[in-house]
Amino acid sequence: MDDDITVRAATPADLPAVGTLAGELVRMHHALNPRRFLLPRKVEEGYRRWFARELKNSDAVLLVAVDRTGAVLGYLYGRFAEHDWQLLLDAHATLDDILVRDDARGRGVGKRLIDAFVARAKERGVPRVVLHTAVANERAQRVFREAGFQPTMIEMTLDLGE
């Protein structure tokens with residue numbers, strides 16, 4: 001792992017870079033399956049506004065991995081919840097978004113972000129972390145498996161459009 005990488009809580013100053021990465025994540029999913037994954041207009045702007053609110057939410061976690069210059073290499077967004085009746089989940093944390101810049105991949109950035117989020121979940125006494133990943137995103141699935149995640153559910157979609 002690269003010792004010049006630091007994971008820390010995001011600040012308002014990080015939101016331009018994080019919004020850009022979040023837009024990349026949305027576009028990647030949309031490219032995988034445009035009928036399943038929406039692509040809102042001004043997605044980066046929307047994410048920046050959303051994350052600005054989430055920075056004040058004690059049940060939300062927005063982390064960034066930065067290099068020694070302070071450049072954002074990747075981000076992770078997750079939340080804590082007491083339960084989710086729809087998903088039949090007791091207390092848990094959701095790892096909702098994670099993306100590492102293309103030029104920073106292979107340096108352990110994703111693993112560090114995940115480890116930092118899992119540590120925060122443990123500090124809160126949360127018994128599990130759950131996430132969803134696109135079936136076609138095999139690289140992310142490999143990172144998640146290496147971090148100890150195991151498949152538990154499969155989303156299936158019946159497209160009723162043309």
Q: Kindly compute the distance separating CD (Glu138) from OG1 (Thr133), expressed to the nearest 0.5 Å.
A: 10.0 Å
Q) Does Leu15 belong to the same Ile/Leu/Val/Met/Phe/Trp/Tyr cluster as Leu99, with side-chain heavy atoms less than 4.5 Å apart forming each link? A) yes
Q.
Testing the basics here: between Ala9 and Val64, what is the closest heavy-atom pair and its distance to 0.1 Å?
A. O-CG2, 4.4 Å
Q: Mind checking the CG-CG spacing from Leu95 to Leu76? Nearest 0.5 Å is all I need.
A: 4.0 Å
Q) So which heavy atom on Gly19 is nearest to which on Tyr47, and how close? A) CA-CB, 4.4 Å
(Q) To the nearest 0.5 Å, what is the distance between CG on Asn33 and CG on Asp159? (A) 7.5 Å
Q: Enter the distance from Tyr75:OH to Leu113:CG here, rounded to the nearest 0.5 Å.
A: 10.5 Å
Q: Run the numbers on Phe51 and Asp97 for side chain to side chain contact (heavy atoms under 4.5 Å, CB included), then give the verdict.
A: CA-CA 12 Å; Phe51 287 146; Asp97 291 357; 4.0 Å; yes
Q) Would Ile5 and Leu63 show up in the same hydrophobic cluster when neighbours are defined by side-chain heavy atoms closer than 4.5 Å? A) yes
Q) Arg128 and Leu89: side chain to side chain contact (heavy atoms under 4.5 Å, CB included), yes or no, with the steps? A) CA-CA 9 Å; Arg128 72 196 48 79; Leu89 278 170; 3.9 Å; yes
Q: Could you state whether Val72 and Val61 fall into the same hydrophobic cluster, counting links through intermediate Ile, Leu, Val, Met, Phe, Trp or Tyr residues with side-chain heavy atoms under 4.5 angstrom apart?
A: no
Q) So do Pro12 and Leu55 actually touch side chain to side chain, heavy atoms under 4.5 Å? A) yes
**Q.** Residue pairs, two or more places apart or on separate chains, that pass side chain to side chain donor-acceptor pair (under 3.5 Å) and touch residues 6-31
**A.** Arg8-Asp14, Thr11-Asp14, Thr20-Arg48, Arg27-Glu44
(Q) Once side chain to side chain donor-acceptor pair (under 3.5 Å) is applied, do any residues pair with Asp96, and if so which ones, sequence neighbours excluded? (A) Thr94
(Q) Looking at every non-hydrogen atom in both residues, tell me the closest pair between Leu32 and Ala134 and how far apart they are. (A) CD1-CB, 3.8 Å
Q: Search all heavy atoms of Ala93 against all heavy atoms of Ala121 and return the closest pair with its distance.
A: CB-CB, 4.3 Å
Q) Are Ile114 and Leu62 linked, directly or through other ILVMFWY residues, by side chains that come within less than 4.5 angstrom of each other? A) no
Q: May I have the step-by-step check of side chain to side chain contact (heavy atoms under 4.5 Å, CB included) for Val109 and Arg112, ending in yes or no?
A: CA-CA 5 Å; Val109 175; Arg112 286 182 187 215; 5.9 Å; no
Q: For the residue pair Phe80 and Phe117, categorise the inter-ring angle as parallel (less than 30°), tilted (30 to 60°) or perpendicular (more than 60°).
A: parallel
Q) For Val26 and Pro40, which heavy atoms make the closest approach, and how far apart are they? A) CG1-CD, 4.0 Å
Q. Taking all non-hydrogen atoms of both residues, which atom of Val135 and which atom of Gln141 are closest, and how far apart?
A. O-NE2, 2.9 Å
Q | Spacing of Arg145 atom CZ and Gln150 atom CD [to the nearest 0.5 Å] | A | 11.0 Å
Q | Verdict with reasoning, Asp84 to Val130, per side chain to side chain contact (heavy atoms under 4.5 Å, CB included) | A | CA-CA 12 Å; Asp84 184 325; Val130 296; over 6 Å; no
Q.
Does the plane of the ring in Trp85 sit parallel, tilted or perpendicular to the ring in His83? Use 30° and 60° as the thresholds.
A. perpendicular
Q) Considering residues at least two apart in sequence or located in another chain, which fulfil the side chain to side chain donor-acceptor pair (under 3.5 Å) criterion with Asp67? A) Thr69
**Q.** Distance (rounded to the nearest 0.5 Å) between Met28 CE and Phe37 CZ
**A.** 8.0 Å
Q.
When you group the ILVMFWY residues by side-chain heavy-atom contacts below 4.5 Å and let the links chain together, are Leu25 and Val100 in the same group?
A. no
